[in-house]
Amino acid sequence: MQYKKRTHTCGELRPSHIGQPITLTGWVDTRRDLGGVIFIDLRDRYGITQVVFGPQYEEKAHQLAKELRSEYVISVTGKVEQRPEGTINPKILTGEVDVVGMELVILNKAENPPFAIEDDIDTNEDLRLKYRYLDLRRSEMQKRLLFRHKMYQITRKYFDEHNFVEIETPVLMKSTPEGARDFLVPSRINPGKFYALPQSPQTYKQILMVAGFDRYFQVVKCFRDEDLRADRQPEFTQIDVEMSFIDELDIQTIVEGLMKKFFKELLNIEVQTPFPRLSYKEAMEGYGSDKPDLRFGLKFADFSELVKDSGFKVFSESVKKGNVVAGFAVPGGAGFTRNQMDNLVDFTKSLGVGGLAYIKLTDKGIDSAIEKFLGNEICLKICEAAGAKPGDNVFIVSDTWQKTYSTLGTLRLEMAKRLNLTDENKWNLLWVVDFPMFEYSEEEKRFVAMHHPFTSPKPEDEHFLNTDPPKARARAYDLVLNGNEIAGGSIRIFNSEMQSKVFSLLGIGTEEAKTKFGFMLDAFKFGAPPHGGIAFGFDRIAMLLTNSKSIRDVIAFPKTSSGYSLMDDNPSEVDKKQLDELHIKLK
RNA sequence: GGGGUCGUAGCUCAGUUUGGUUAGAGCGCUUGCCUGUCACGCAAGAAGUCGCGAGUUCGAGUCUCGUCGGCCCCGCCA
């Protein structure tokens with residue numbers, strides 16, 4: 001097929017091009033056939049240009065243009081002309097000119113697309129995913145992927161300028177016992193043995209530090225075989241970072257520098273550094289989350305002291321058991337109806353606590369079902385502690401420390417949503433630090449690492465490892481943006497004795513540690529430098545900075561929430577021959 | 001593993017509460033007319049496995065059970 005290559009893109013032509021012969025290629029966006037004259041909006045990734053065909057220009061091209069339909073791929077040669085008076089379209093950048101179509105070549109026809117190739121389409125996501133190539137043809141999707149592209153460029157430039165070395169680590173790695181479920185890859189050459197896809201290149205990057213690379217980064221795919229969410233895909237991209245001879249502040253400063261660049265170069269927003277630090281304890285006791293969204297208030301207060309000697313046994317007994325009574329003031333909540341409150345009480349109960357007590361503060365004073373147990377004075381003190389104003393409603397929960405605050409945290413987010421308290425124009429960045437080393441897993445009946453098993457304890461807490469492990473805090477830090485964890489890291493353990501001790505606290509025996517992590521313990525015996533690092537959730541940052549509702553909107557070919565790829569029908573069954581070669585028999 | 005919600009024309013949805021004539025609308029599509037449109041206009045037309053499978057019933061888009069799929073959440077995600 002003969003056709004001329006384009007001389008310009010569809011976003012390029014301006015009045016300065018008037019009179020020039022040019023060729024454009026692209027997709028037919030819309031066609032307006034007025035009988036004697038036909039207008040075509042021609043689209044490529046750079047923009048839209050209007051092409052006009054008519055018998056007074058070129059009869060043959062006009063006849064062929066009658067056949068054009070949406071999404072036909074064409075090449076048009078013609079002349080750039082000023083649009084007649086009153087027909088300029090200010091909505092498009094090329095709206096001052098037309099291309100008069102003299103030669104038209106239909107490069108490919110197209111079936112009528114299942115949904116319109118335009119922004120703000122109102123269609124089911126499964127259809128978009130099945131026809132992803134059409135979805136990605138839409139300008140809002142192209143913009144998102146271009147945004148993502150810029151993020152890669154900024155990242156690589158930034159780390160290169162700061163002396164970091166990009167090193168690729170294996171995708172076929174050793175399965176490790178801790179953390180997320182691994183995706184396994186059977187080894188054909190080694191019957192019965194498996195590789196795992198990396199949950200993160202954690203062990204490799206630490207070994208690169210032992211190797212002396214000092215500053216490493218990688219933009220890397222990671223894989224976790226866990227259930228999906230709006231912000232979680234089974235394969236996702238991290239910016240993985242590791243540094244030697246540093247402390248927490250060095251890592252955090254490097255990270256803040258990158259975030260500053262992202263905001264400046266992508267959104268033209270200046271963010272202030274350093275970002276605020278909140279300890280895990282402060283975050284939990286203040287906002288009920290280890291990734292608090294501080295774009296709005298609703299900060300908690302602890303009422304335990306106020307109620308421990310009160311006549312309200314539900315609270316006083318609870319405090320005596322070592323539990324907590326805490327809550328927060330809901331602005332305007334005194335106006336909630338009985339029905340609304342019953343609904344909120346049910347909502348709270350569904351989160352796994354006994355209930356939700358509440359004290360309404362009105363102009364006339366306290367209005368609460370628990371006033372008769374607590375007394376007016378304590379109720380007023382609770383309102384004061386919560387910072388309640390007349391018209392507010394203080395929500396109170398009592399349970400264990402963990403349950404009370406995590407329930408209040410969920411309730412806090414729910415109330416912010418219902419009352420529309422979130423300022424969508426705000427960007428709230430903060431560090432959460434001083435995480436506990438361990439948390440107890442009810443399911444496994446043992447301690448598990450809150451961050452990961454290579455995380456170093458804080459030096460002043462090391463003694464707790466022998467006496468009271470849950471009290472030991474880790475040298476770990478998470479970066480939070482608008483209530484989303486977007487990066488997490490730690491200063492690592494770098495001597496094999498400490499590493500062995502932490503393994504044993506995690507219930508990983510000497511033998512198992514040797515089998516699973518022996519290579520790392522060995523490496524640490526040959527001169528491991530002190531080191532630490534962090535990993536960014538690249539897709540999540542892209543999602544947040546582009547105001548996308550889902551991580552799927554910033555990934556070219558994402559999976560559905562059941563881990564399925566609708567476009568290529570994947571995962572799929574394989575031939576028995578393939579399984580035989582892999583020594584696998586299906587149950 | 002659990003909870004919620006959705007599934008009707010190519011698309012978005014109404015119709016389901018209370019089973020009953022030929023399942024409708026807007027957009028899109030097709031055809032015709034139309035020389036300055038850009039949400040073109042006007043006229044006509046085609047288009048349905050009511051997700052799928054059983055069941056109840058004289059009769060099921062509508063009721064029951066099962067099942068598949070999308071989305072959101074809990075668990076899970078160091």
Side-chain angles (χ1 to χ4, degrees), chain A residues 29-42 48-57 62 66 69-71 81 83-92 94-95 98 100 111-118 120-131 134 176-182 199-200 202-203 222-234 236 347 350-352 406 410 413-414 435-439 441-444 447-455 474 476 478 485 488-490 502 506 508 535 537 540 549-550 552 559-564 566 569:
Chain A
D29 194 65
T30 49
R31 151 190 80 109
R32 292 176 294 279
D33 183 349
L34 275 63
V37 64
I38 297 171
F39 294 99
I40 296 295
D41 286 344
L42 191 62
I48 283 184
T49 299
Q50 177 166 275
V51 184
V52 54
F53 296 97
Q56 73 274 38
Y57 306 123
H62 179 240
K66 286 182 182 171
R69 294 293 180 273
S70 289
E71 302 312 312
E81 288 200 347
R83 288 200 188 189
E85 188 79 32
T87 62
I88 286 170
N89 184 353
K91 286 183 211 159
I92 55 174
T94 60
D98 279 334
V100 170
E111 284 183 23
N112 191 35
F115 51 83
I117 311 301
E118 62 190 24
D120 298 320
I121 51 166
D122 189 12
T123 193
N124 275 323
E125 196 171 349
D126 49 348
L127 207 63
R128 290 174 52 203
L129 291 174
K130 178 163 184 197
Y131 299 95
L134 296 179
T176 51
E178 292 289 294
R181 194 176 292 115
D182 283 327
Q199 301 169 28
S200 85
Q202 187 61 37
T203 48
C222 299
F223 306 85
R224 292 177 190 174
D225 188 6
E226 299 293 346
D227 286 2
L228 293 84
R229 287 286 189 282
D231 63 351
R232 265 164 42 188
Q233 284 272 306
F236 61 100
F347 175 79
S350 76
L351 301 173
S406 63
T410 307
L413 290 178
E414 179 67 21
F435 284 87
M437 284 284 285
F438 310 104
E439 57 188 342
S441 164
E442 283 297 335
E443 193 182 333
E444 297 183 50
F447 289 117
V448 294
M450 195 143 179
H451 186 58
H452 62 50
F454 315 112
T455 300
D478 279 359
E485 182 196 329
S490 65
V502 170
L506 292 171
I508 304 172
R540 232 176 246 184
K549 282 192 204 74
S550 150
R552 294 184 297 278
K559 311 272 188 288
T560 67
S561 65
S562 56
Y564 217 76
L566 294 172
D569 210 17

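Side chains included, hydrogens not; waters and symmetry mates left out as well; all remaining heavy atoms used. Not measured: the values here are computed from a predicted model. Below, read A as the first sequence line, B as the second, and so on, with proteins coming before strands; counting in each chain starts at 1.
Between B/U17 and B/A60, the distance separating the two P atoms is 15 Å to the nearest Å. Here the separation of B/G59 from B/A46, taken at their C1' atoms, is 30 Å to the nearest Å. The gap from the C1' atom of B/C29 to that of B/C72 amounts to 34 Å, rounded to the nearest Å. Spacing of P atoms, B/C11 relative to B/G19, comes out at 30 Å, to the nearest Å.
Between A/Tyr57 and A/Ser562, the residue anchored closer to the 5' end of RNA chain B is A/Tyr57, taking for each the nucleotide with the nearest heavy atom. In this structure, A/Gly54 and A/Ser550 both approach RNA chain B, and ranking their closest nucleotides by distance from the 5' end singles out A/Gly54.
Base contact: A/Asp98 has a heavy atom under 4.0 Å from a base atom. Here A/Thr560 lies in heavy-atom contact (under 4.0 Å) with sugar-phosphate atoms only. Residue contacts for A/Gln50: at a heavy-atom cut-off of 4.0 Å it reaches a base atom on one of the strands shown. Residue contacts shown for A/Phe438 are absent, as no nucleic acid heavy atom lies under 4.0 Å away. In this structure, A/Thr455 reaches neither bases nor backbone, as no heavy-atom distance under 4.0 Å exists between it and the strands shown.
Ring-plane geometry between A/Tyr131 and A/Phe115 is classed as perpendicular, the angle between the planes exceeding 60 degrees on a 0 to 90 degree scale with a lower cut at 30.
For A/Arg69, the side-chain atoms get nearest to B/U31 when compared with the rest of B/U35, B/U31, B/G1. Side-chain proximity of A/Asp227 to the nucleotides B/C40, B/G75, B/G36 is greatest for B/G75. For A/Pro55, the listed nucleotide lying nearest its side chain is B/U35; candidates were B/G1, B/U35, B/C71. Residue A/Glu226 places its side chain closer to B/C77 than to any other of B/C38, B/C74, B/C77. In this structure, the nucleotide among B/A39, B/C38, B/U35 sitting nearest to the side chain of A/Lys91 is B/A39. Distances were taken from every side-chain heavy atom of A/Ala180 (C-beta onward) to each of B/U37, B/G36, B/C77; the shortest belongs to B/C77. Minimum atom distance to the side chain of A/Asp33 is reached by B/C34, of the listed B/G70, B/C34, B/C29.
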Please determine whether side-chain contact (heavy atoms from CB on, under 4.5 Å) holds for the pair A/Asp41 and A/Arg32, giving the CA-CA distance in whole Å, both sets of side-chain angles, and the decisive distance to 0.1 Å. CA-CA 9 Å; A/Asp41 286 344; A/Arg32 292 176 294 279; 3.1 Å; yes
Working for side-chain contact (heavy atoms from CB on, under 4.5 Å), residues A/Thr176 and A/Gln199: CA-CA 9 Å; A/Thr176 51; A/Gln199 301 169 28; 4.1 Å; yes
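The base of B/G70 is not paired with the side chain of A/Arg128 by any donor and acceptor separated by under 3.5 Å. Interface remark: the A/Arg224 side chain does not form any donor-acceptor pair with the B/C77 base, using a distance-only criterion of under 3.5 Å.
In this structure, B/C63 forms a base pair with B/G55, meeting either the Watson-Crick or the G-U wobble geometry with both donor-acceptor distances under 3.5 Å. Of all nucleotides present, only B/G4 satisfies the Watson-Crick or G-U wobble test against B/C71, with each distance under 3.5 Å. In this entry B/G26 has B/C11 as its Watson-Crick or G-U wobble partner, both defining distances falling under 3.5 Å. For B/C42, the paired base is B/G32 (Watson-Crick or G-U wobble, both distances below 3.5 Å).
Distance check: A/Asp225 CG to A/Arg181 CZ gives 5.5 Å after rounding to the nearest 0.5 Å.
At the phosphate of B/G70, neither OP1 nor OP2 sits under 4.0 Å from any side-chain N or O atom of A/Arg552. Of the side-chain N and O atoms in A/Arg229, none sit less than 4.0 angstrom from OP1 or OP2 of B/C76. Regarding contacts with the backbone of B/C40, a side-chain N or O of A/Arg32 is found under 4.0 angstrom from either OP1 or OP2.
The environment of A/Lys559 atom NZ is dense: over 12 non-hydrogen atoms of other residues, nucleotides or ligands sit within 6.0 angstrom. Other residues, nucleotides and ligands contribute at most 12 non-hydrogen atoms within 6.0 Å of the CD atom of A/Glu111.
When A/Arg540, A/Arg552, A/Lys549 are each tested for a salt bridge (charged side-chain N to carboxylate O under 4.0 Å, His left out) with A/Asp231, only one passes: A/Arg540.
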Within the 4.0 Å limit for protein heavy atoms, which parts of nucleotides 8-16 of chain B are touched? Write it as a string from 5' to 3', B for base, S for sugar-phosphate only, - for none. --SSS----
